[in-house]
Amino acid sequence: MSKQVPETIKKQVKRSFNSKEVKKEKNEKRVKLLKEIQSKAFKRAEKYEKEYLEQEQKLVELKQKALKEGSFYREPEPKLAFIIRIRGIVGVPPKPRKILQLLRLRRIYSGVFIRLNKSSLRMLHFIDPYVTWGYPDVETVRALIYKRGHARVNHQRKIIDSNEMIYDKLQKYDIVCMEDLVHEIYTVGKNFKHANSFLWAFKLKPPVGGFSTVKKSFVNKGEHGNREQYINTLVKKMI
Amino acid sequence: MTTQQLRPIVSVFPIKGKVKTIKQVPLPSVFSAPIRPDVVRFVHTNMAKNNRQAHAVSTTAGEQTSATSWGTGRAVARIPRVKGSGTGRSGQAAFGNMCRGGRMYAPKKVWRKWHRKINTNQKRYAVCSAIAATAVTPLVMSRGHRVNKLPELPLVVSDQLQSLTKTRQAVKFLKFIGAYRDVEKVIRTKKTRVGQGKYRNRRHVLRKGPMVVYARNLGIKKAFRNIPGVETASVYTLNLLKLAPGSQMGRFIIWTESAFKLLEDIYGSWEKPSKFKSGFYLPRPVMVNTDVERIIKSDQVQTVLRNRRPRSRKYGKKIQRADPYEDMSVMVKLNPYYKTKLQKQKELDEKNKKERKEIVDKSRKEYEDWLYFSEEEEEEEEEGSDEDREIEVLSDEN
């Protein structure tokens, strides 16, 4: 005796938005999209490699040229900084506390990228004793985003495990892959704000080999404050 | 108003002979009243308080002493103590609820509120619910009645039942109709009461058996009076405490035909008010059609719903991912150019290496050449004539 399927279930299947055909169609679309994203990612990564190389070479060129002429080449001021909070949350006065909150540095060894301009430099001035910061290079930015990059998705912190994730959120800013993200952050592009806020604050490990003394500034053989390019070595120890 | 505009038919059975339908009557509207256990419980708990008798503790209990506190300084508690001497009672604590022979805490008073007023409509609502529940077999069974052998529920029986006078006839009828099993249960489970009621003239406890509801008492009351567990009631005065004993709905009721028909008049319907309870209409259910599943699955509802939003499983799972700098497949997924980049880097390194090697080789060769030629020059120096030597000496000096 064959099983009678109730009519309601038959209707439901027919009406279903999760029916096999619909699912198949959706899947095909998605696969196509993923392919697109990956091909874009390839092309853009290639483009950016060239760009970074050119930038470096240009810098060297200009310096050499200036040397030849007997003048100096003044490099452009850095646009990007990476800040790491190196003091805990106990006993922080209200103003620095608020600024650290605004910068998403809510716990020790958390790190964020920040665009450098007059206002942000002023903010950094207030929180100098609680953070160390500097100018990251491409490899540092890359390592951070690839290894420790988490996205803010649905008010949740999710590790970035595919370009699709980036595409979903940042497609409208023409950021579709990891390299796009890295580029936007490193070169502080037009959509730096969106790229940066897409990223959750980086949670770093305490540095291998430790700190000397957080109480003193970097300039005074301590650790806090601006350490310019030495941030890169520090991040390598903390990543 | 209800899904039951068409009222179903109930069979009327005879009281002896063969168990077959002699007549069919429509089901009164009461049986479609909403079954509200919460209302029944509320009304029942309050109604049950109404047959209580006042009791209290004697007003003078524990107070019949002239005890006074001894005060401090006597190494005893400050509780009032019985005055006098010469007896064991003297000096003993008195008056307090903690004292032996003292008055209790908050002595019970006769003017405690023993009875409860319940809104008439609520009472009627509860009764309607309880009556409706007597027609629902699962409820009757869950109340504990043995109703397996009954021909039908609600059980309606010919009016001849009302004219029975002898208990024997009554028992015979119960056996005939299949209700005696419930009576047997009552007889079997008669027990001595647990607790002090047993020596307060409430020695035995019986279960509740079938209830027989009649329109006119022509002997039926006396006929069923002595059968353990069976109660009789007039349809005009149905008592909630009997319809839902212990506020548990689903009493097993045997209706006589005229009693059954009278229910329509006594409780009315949603269109027609009751004839006996002025202004009373049957309570309306909150939901007319309670088959929620069917409503949701119906075409009328389903076609108007928006698309179901897909469960975004990709963001739902906790995704573990390897370190891209250690796992190449993860790196390539994130940056498909990476492999090419490495390759290019490798090629560039090799190219540089090669170039460097060439330069190094070249300069080495040059150095070796220079070394070789200078050796030759030295040799030539030794072999040369005196004439030349002078010149050469000069040139060397230069």
Side-chain angles (χ1 to χ4, degrees), chain A residues 6-12 14-19 22-23 26 30 34-35 37-50 52-53 139 142-143 145-166 168-169 177-182 236 239, chain B residues 3 287 289-356:
Chain A
E7 203 184 311
T8 46
I9 294 188
K10 276 197 199 151
K11 279 191 183 170
Q12 196 176 34
K14 210 168 125 192
R15 224 187 276 126
S16 173
F17 305 116
N18 280 332
S19 64
V22 176
K23 267 193 180 153
K26 275 196 181 164
R30 183 160 172 257
L34 288 173
K35 274 208 181 128
I37 294 170
Q38 292 296 77
S39 76
K40 264 196 191 163
F42 188 94
K43 291 196 193 114
R44 288 188 186 191
E46 203 175 14
K47 183 173 85 166
Y48 295 142
E49 289 299 320
K50 278 203 201 122
Y52 298 142
L53 202 64
E139 281 314 312
R142 247 204 212 112
I145 293 179
Y146 274 82
K147 188 163 181 196
R148 298 257 175 241
H150 288 252
R152 187 169 57 88
V153 163
N154 285 342
H155 308 287
Q156 290 175 340
R157 178 175 179 259
K158 299 269 175 222
I159 196 162
I160 304 173
D161 79 323
S162 73
N163 289 326
E164 195 185 1
M165 216 177 196
I166 301 174
D168 280 346
K169 282 281 159 188
C177 58
M178 284 291 249
E179 281 300 312
D180 267 341
L181 195 59
V182 168
K236 275 205 180 63
I239 200 159
Chain B
T3 48
M287 277 183 89
N289 181 6
T290 49
D291 195 348
V292 178
E293 202 184 319
R294 192 154 155 251
I295 292 171
I296 291 172
K297 289 208 164 109
S298 70
D299 276 344
Q300 293 95 314
V301 171
Q302 288 289 325
T303 47
V304 191
L305 296 176
R306 63 156 166 78
N307 275 15
R308 194 188 214 174
R309 291 204 189 111
R311 278 252 307 274
S312 190
R313 286 187 184 281
K314 55 186 170 175
Y315 297 154
K317 292 193 198 141
K318 190 172 182 182
I319 300 166
Q320 295 291 350
R321 183 206 74 181
D323 182 2
Y325 289 99
E326 291 180 7
D327 190 345
M328 184 56 82
S329 60
V330 176
M331 186 49 135
V332 170
K333 188 177 176 201
L334 292 171
N335 185 6
Y337 180 70
Y338 191 71
K339 269 201 174 141
T340 324
K341 175 177 157 186
L342 286 182
Q343 205 170 8
K344 284 200 172 167
Q345 194 67 38
K346 200 166 157 206
E347 284 172 9
L348 197 70
D349 283 345
E350 281 185 17
K351 184 166 141 228
N352 285 341
K353 209 170 164 189
K354 215 164 117 200
E355 277 180 14
R356 178 120 188 90

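The figures that follow rest on heavy atoms only: side chains count, while hydrogens, waters and symmetry mates do not. Just so it is clear, the structure is predicted and the values come from calculations on it, not from any experiment. In what follows, chains carry the letters A, B, and so on, assigned in the order in which the sequence lines appear, proteins first and then strands, with residues in each chain numbered from 1.
- Heavy-atom neighbours of chain A within the stretch residues 344-356 of chain B, taken at a separation under 4.5 angstrom, comprise B/Lys344.
- For a residue to count as touching a neighbouring chain, one of its non-hydrogen atoms must lie under 4.5 Å from one of that chain's; by this rule B/Asp323 touches chain A with the side chain only.
- Heavy-atom distances place the side chain of A/Glu179, and not its backbone, under 4.5 Å from chain B.
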Run the side-chain contact (heavy atoms from CB on, under 4.5 Å) test on B/Thr340 and A/Phe42 for me, step by step, so that the C-alpha distance in whole Å, both residues' side-chain angles and the decisive distance to 0.1 Å come before the verdict.
CA-CA 9 Å; B/Thr340 324; A/Phe42 188 94; 3.3 Å; yes

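- A/Tyr146 approaches B/Pro324 most closely through the heavy-atom pair O-CG, 3.5 Å.
- Open room surrounds CZ on B/Arg294; 12 or fewer heavy atoms of other groups in view lie less than 6.0 Å from it.
- At a 4.5 Å heavy-atom cutoff, the contact between A/Glu46 and chain B is made by backbone and side-chain atoms alike.
- Both the backbone and the side chain of A/Ala143 have a heavy atom closer than 4.5 Å to some heavy atom of chain B.
- Here CG of A/Leu34 is found 8.5 Å from NZ of B/Lys333. Values are rounded to the nearest 0.5 Å.
- Residue B/Lys341 touches chain A through its side chain alone, counting heavy-atom pairs closer than 4.5 Å.
- Residues satisfying the side-chain hydrogen bond (donor to acceptor under 3.5 Å, both in side chains) test with A/Arg152, not counting sequence neighbours, are none.
- Rounded to the nearest 0.5 angstrom, B/Asn335 CG and A/Arg44 CZ are separated by 13.0 Å.
- Counting all heavy atoms, side chain and backbone alike, A/Asp161 lies closest to B/Leu334 at C-CD2, 3.8 Å.
- Ranking A/Ser162, A/Ala151, A/Cys177 against chain B, the residue ahead of the rest is A/Ser162, based on heavy-atom pairs under 4.5 Å.
- How far NZ of A/Lys47 is from OH of B/Tyr337: 13.0 Å, rounded to the nearest 0.5 Å.
- Atom CZ of residue B/Arg321 and atom NZ of residue A/Lys147 lie 10.0 Å apart, to the nearest 0.5 angstrom.
- Both the backbone and the side chain of A/Arg142 come within less than 4.5 Å of a heavy atom in chain B.
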